[in-house]
Amino acid sequence: MISWISFFSIDKKQISKLMITDLNPNDLSRPNGHFFGFPYPLEASKIVFFPVPWDVTTSYHSGAAKGPEAILQASLQVEWHDFQIKNAWQIGHGTIPINLEIFHKNQALRVLAERIINHQVKGGTLADNEIKTDLYEVNQGTQQLNQWVYEQCRNLLQENKLIGLIGGDHSVPLGLMQALANQYDSYGILHIDAHSDLRNAFEGFQDSHASIMYNARKIENITHFVAVGIRDLCEEELNIIDTDSRFTLFDDWHLKSNKYQGTTWAQQCQKIIKNLPQNVYISFDIDGLDPQFCPHTGTPVPGGLDFNQSIYLIETLVKSGRNIISFDLCEVAPGNDEWDGNVGARLLYKLANLMYASWHPEQLLK
């Protein structure tokens, strides 16, 4: 059982006085409410981890709302040394505490969402009176969540922070994507996932985890969508990909087929990256990885990327000279052990450090 009482009393004035030179990268990470045990207050941070404990619309297995806490706990076991980034521990990684009010709101709405889903599974429709009120409340709640995420991210971006959003399910980054559209005239999305997430209001939920890219399409500033590792989609989603010129699909079936026929992963990464513009947002659903790395994620699918494959892809993106303007890591759901949290924590650290290096290429180790 994961404890949600993880934040200790922190003397912010005392932490603010802590100089980078006072940190010992060989010391153990102590629980202080910050990811990886870093002591940086927000005002001294260049990267901000923003956890969003929300999985209201999950359609198969719930649990992603507990993902941020699982990653937080597991992150204390991650060494600060990064094999690809010089002195990564000195960058300045800050943490916004997990919002328990959001988590409890999620739990209440999740009950309504499950009632709506079960009603449809039994043959009911969205027009039936017995679920109309529940559906309205869920859709209102998810819209309010999106607005809250948008406002938090807008403020952080105005302070020139690089944001790593930690889900929760894959519906939660929409507010961040909208906030980035205020900051950048245009950008593209590198979408790593088992699913294309192009469903329109899946199961009646306007802001479904299965609709994040459908909703992101409405943001005019997003000029490119490059999806990698997709291996589950419906005809409606495929039609969008085929008819919207902004979309490029590198599905898992063809990636694997190319590999079996001798095309190296390095060559495939170069091809993927050529489809992205200068400014890139990474949307990383953990189920884009092989399920051995994320067995308890909400909708696991056989196949997928190896952990190091995904890191190599992002490293190649950085070495191409493109800028990672932000990222999300979603759908990490803890099981009875710490495996999912451990994988999530290590992926989070790499994403954050490589994002920083994309703006500071001198930090990359050869």
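Fair warning: this is a prediction, and the values are worked out from it, not measured in the lab.
Remark: the backbone N or O of V56 is paired with a side-chain donor or acceptor of N106 at under 3.5 angstrom.
With 3.5 Å as the limit, one finds a donor-acceptor pair spanning the side chains of D328 and Y281. A side-chain donor-acceptor contact under 3.5 Å links Q261 and S257.
With sequence neighbours excluded, no residue forms a ring pair (Phe, Tyr, Trp, His ring centres under 6.0 Å) with W339. Not counting sequence neighbours, H61 has no partner by the ring pair (Phe, Tyr, Trp, His ring centres under 6.0 Å) test. Residues forming a ring pair (Phe, Tyr, Trp, His ring centres under 6.0 Å) with H191 (at least two apart in sequence, or on another chain): H170. The salt bridge (Lys or Arg N to Asp or Glu O under 4.0 Å) test applied to D290 returns no partner, not counting sequence neighbours. Remark: Q147 engages Y150, E151 in a side chain to side chain contact (heavy atoms under 4.5 Å, CB included) (not counting sequence neighbours). In this structure, the side-chain hydrogen bond (donor to acceptor under 3.5 Å, both in side chains) partners of D340, at least two apart in sequence or on a different chain, are H296. Taking Q270 as the reference, T316 meet the side chain to side chain contact (heavy atoms under 4.5 Å, CB included) condition, with sequence neighbours excluded. For the salt bridge (Lys or Arg N to Asp or Glu O under 4.0 Å) test, residues two or more places apart in sequence or in another chain that qualify with K319 are E315. In this view, Y60 and T299, P300 satisfy the side chain to side chain contact (heavy atoms under 4.5 Å, CB included) rule, not counting sequence neighbours. Annotation: side chain to side chain contact (heavy atoms under 4.5 Å, CB included) contacts of H224 (sequence neighbours excluded): P277. Taking D244 as the reference, R217, R246 meet the salt bridge (Lys or Arg N to Asp or Glu O under 4.0 Å) condition, with sequence neighbours excluded.
Interatomic distance, L233 CG to S196 OG, rounded to the nearest 0.5 Å: 4.5 Å.
More than 12 heavy atoms of other residues, nucleotides or ligands sit less than 6.0 Å from atom NZ of K218.
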Exercise for the section: Could you please spell out the steps behind the salt bridge (charged side-chain N to carboxylate O under 4.0 Å, His left out) verdict for R110 and E114? Expected result: CA-CA 6 Å; R110 179 64 195 160; E114 287 179 345; 3.3 Å; yes
Scan the side chains in residues 198-206 for donor-acceptor partners under 3.5 Å anywhere in the protein, sequence neighbours excluded, and list what turns up.
unit_1	atom_1	unit_2	atom_2	d
N200	ND2	Y214	OH	3.3
Q206	OE1	Q143	NE2	2.8

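Salt bridge present: K256 and D252 bring a charged side-chain N and a carboxylate O closer than 4.0 Å.
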